[in-house]
Each structure stands twice: as C-alpha cells, then as structure tokens.
Asker: 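Please find one structure pasted underneath; my questions will follow.
Numbers restart at 1 for each chain; the letters A, B, ... are given by sequence-line order, proteins then strands.
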Amino acid sequence: MQREKACRIYSILAAEYLDEDTNLNFLDFDNPFQILVMTILSAQTTDNMVNSVKDDLFSKYPDPAALSQAKQEDVETIIKKTGFFRAKAKNIIESSKILCSDFGGEVPRTMEELVTLPGVGRKTANIVLNHAFGIDEGIAVDTHVKRVSWRIGLTDNTDPVKIEMDLTALFPKDAWGKMNYLLISHGRAICTARKPDCERCVIKDFCRYFREQNS
DNA sequence: CTCCCGATAT
DNA sequence: ATATCAGGAG
C-alpha cells in the first residue's frame, strides 16, 4: 500500500466519522487511572459494557491506593459483566499496587513502564498514552483495527506488532490516534467481522477485500 | 497454542 | 448454537 492511497483512505474515513466535536474516545473516563483500568477491562468485551461498570467501580475505588487494597471478590462482583472477571479483577488490583509502589500512585507515561503492569500489553499502553496524555507512541491495534486494516490492504500481516509497524509507516504521526478511531468506527458500523456491508462502504473503491469479493 | 468468561448479535 | 466483542498471560 502506497502512502498516497492510504492518505486518500484516511481523508474519506475522516469525512465520514470525524467532526469537530469528536473526542476520539469510546471509553468514558475522567483521568489517567480510569482509562488505564477501563482499557484493561475492555479486553474481549464492548466499550458500553465497560462504561456501564464505571460508576460502581470508581465510586468505591477512586484511585490506585483504594483499588490496591480492595478485596478481589468485591471487585469481581462489580466488573463481572465485562467477562474474564477473575483475571481482570486480579490485574487491576495488582496494577494499582504497582502504581503505588513503583510510580508514586501515578500512571506512568512511557510504553516500557506501562507494559510492566499486569493486564497491560502494547494495545492497552497505546490507548493510555494517546488518550490520557496525548502521546503518539504508536497505534493501538485491537480486533477492529486488525480486521479492517487487513481487509483494506493497509497491511499483509496478521501479527498486531507488525500491523502497527505497517500503519505507523503509512500515516503521519499526528494522524495515528485518529486512524485508530477511524478504523474502529468503520469496523463497528460497516466493516463488521461477520457480514461486512460493503455496498454502503465509503472506501470500497480502495479496498482489497471488496475487489476480491467482486472478481 | 490455550485459557480466561459474560453479553449480545446472527 | 455459535461467533464476536477497544487482549493479555502462560
């Protein structure tokens, strides 16, 4: 994929999904601690499901100090709807302990430090860096970004790290956060996993998958 | 690679 | 009934 073509795709998607008021968030957070915890909870569930437990979770555990001392069973009950609740409860409690012991109770601002937290991989770290601190370290590659960028032909890889390298090479740095948002928006609305609605797709003329379906 | 796990769409 | 959802750890 050439940069010029990628840039064209970006422009079309931006016109479709971005306006001046778009905040680029799917998770409803108030501070870095919240976006960190909520992104850990977002694995293999919907953003709406994570947003629905926000108030119950943070009214009881508003900061790392409080969550680090929580009973795992109590946290499990609150976050159960998000799935993987035992592993996630353990991870957000343990991560809170590390925030207190190693980072002065603050969310660290580097990739290397963030991925030391249990439940935090490269995707979650990229989300925290971009949304909490406005840092474009890379592009968060989740299931939507992976599927849509592969279908379009922005990448030929299936490994998330390689996909991220392809995408960051293709787009200017100040577009990385927006590209993540655009690919997810398009993946949810049109380029769905099961039955993509190619007829209503605004970038079908640039899409490898659409071309192959009609050949 | 498997496991973690509930809610929803198809 | 089964695939899928803002993934990560072992």
Asker: From CD of A:Q44 over to P of C:dA3, roughly how many Å is that when rounded to an integer?
Answerer: 14 Å

Asker: Is the ring pair A:Y181/A:F26 parallel, tilted or perpendicular, if the boundaries are 30 and 60 degrees?
Answerer: parallel

Asker: Check every strand shown and say whether A:L27 touches a base, only sugar-phosphate, or nothing at a heavy-atom separation below 4.0 Å.
Answerer: base

Asker: Which nucleotide in the set B:dG6, C:dT4, C:dG7 lies at the smallest distance from any side-chain heavy atom of A:R194?
Answerer: C:dT4

Asker: Quantified in whole Å, what is the P atom distance between nucleotide C:dA3 and nucleotide B:dT2?
Answerer: 14 Å

Asker: If the P atom of B:dA7 is compared with that of C:dG8, how far apart are they to the nearest Å?
Answerer: 22 Å

Asker: At 4.0 Å (heavy atoms only), tell me whether A:V120 reaches a base, stays on the sugar-phosphate, or touches nothing.
Answerer: sugar-phosphate

Asker: Please examine the side chains of A:V202 and A:L13, heavy atoms only from C-beta on, and report whether any two atoms are closer than 4.5 Å.
Answerer: yes

Asker: Does this structure show an ion pair linking A:R8 with A:D205, if we count only N-O contacts that are shorter than 4.0 Å?
Answerer: no

Asker: A:F84 on top of C:dG7's base, within under 5.5 Å and under 30°?
Answerer: yes

Asker: Mind checking if A:L183 touches a base, just sugar-phosphate, or nothing, with heavy atoms under 4.0 Å?
Answerer: nothing

Asker: Expressed in angstrom and rounded to an integer, what is the separation of A:Q72 atom CD from B:dC4 atom P?
Answerer: 15 Å

Asker: Taking the same atom, P, in C:dT4 and in B:dC1, what whole-Å distance lies between them?
Answerer: 16 Å

Asker: Map A:V115 and A:N25 onto DNA chain C by nearest heavy atom, then report which one ends up closer to the 5' terminus.
Answerer: A:N25

Asker: Under 4.0 Å, counting only non-hydrogen atoms across every strand here, what does A:F26 touch: a base, just sugar-phosphate, or nothing?
Answerer: base

Asker: Could you check how far CD1 of A:I163 sits from C1' of C:dG7, rounded to whole Å?
Answerer: 13 Å

Asker: Between the side chains of A:K81 and A:D56, is the shortest nitrogen-to-carboxylate-oxygen separation below 4.0 Å, so that they form an ion pair?
Answerer: no

Asker: Is A:R122 close enough to C:dG8 that one of its side-chain N or O atoms is under 4.0 Å from OP1 or OP2 there?
Answerer: no

Asker: Please name the residue in the list A:V107, A:V128, A:L129 that meets the side-chain contact (heavy atoms from CB on, under 4.5 Å) test with A:P32.
Answerer: A:V107

Asker: The side chain of A:A87 is closest to which nucleotide in this list: B:dG6, C:dC5, B:dC4?
Answerer: B:dC4

Asker: In whole angstrom, what separates A:N51's CG from C:dC5's P?
Answerer: 18 Å

Asker: Look up atom OG1 in A:T124 and atom CG in A:L114, then write down how far apart they are to the nearest 0.5 Å.
Answerer: 9.5 Å

Asker: With a 4.0 Å cut-off on heavy atoms, is A:T45 in touch with a base, just the backbone sugar-phosphate, or nothing at all?
Answerer: base

Asker: In terms of side-chain heavy atoms of A:K80, which of B:dC5, B:dG6, C:dG7 is nearest?
Answerer: B:dG6

Asker: For the pair made of CG in A:L41 and C1' in B:dA7, what is the distance, rounded to whole Å?
Answerer: 15 Å

Asker: Whole Å only: how far is the CD1 atom of A:I35 from the C1' atom of C:dG7?
Answerer: 14 Å

Asker: Among B:dG6, B:dA7, C:dC5, which is the nearest nucleotide to the side chain of A:R147?
Answerer: C:dC5

Asker: Students often get this wrong, so: under 4.0 angstrom with heavy atoms, is A:T124 touching a base, only sugar-phosphate, or nothing?
Answerer: sugar-phosphate

Asker: For the pair made of CG in A:D47 and C1' in B:dA7, what is the distance, rounded to whole Å?
Answerer: 13 Å

Asker: Rounded off to whole Å, could you give me the NZ-to-P distance for the A:K195 and C:dA3 pair?
Answerer: 17 Å

Asker: From B:dA7, C:dG7, B:dC5, pick the nucleotide closest to the side chain of A:D142?
Answerer: C:dG7

Asker: Classify A:N180 by what it touches in the nucleic acid, base, sugar-phosphate, or nothing, heavy-atom distance under 4.0 Å.
Answerer: base

Asker: Among the nucleotides B:dT8, C:dG7, B:dC5, which one has an atom lying closest to any side-chain atom of A:F85?
Answerer: B:dC5

Asker: Got A:H186 and A:I9 here, is their nearest side-chain heavy-atom distance under 4.5 Å?
Answerer: no

Asker: Give a yes/no on whether any side-chain N or O of A:T143 is located under 4.0 angstrom from OP1 or OP2 of C:dC5.
Answerer: yes

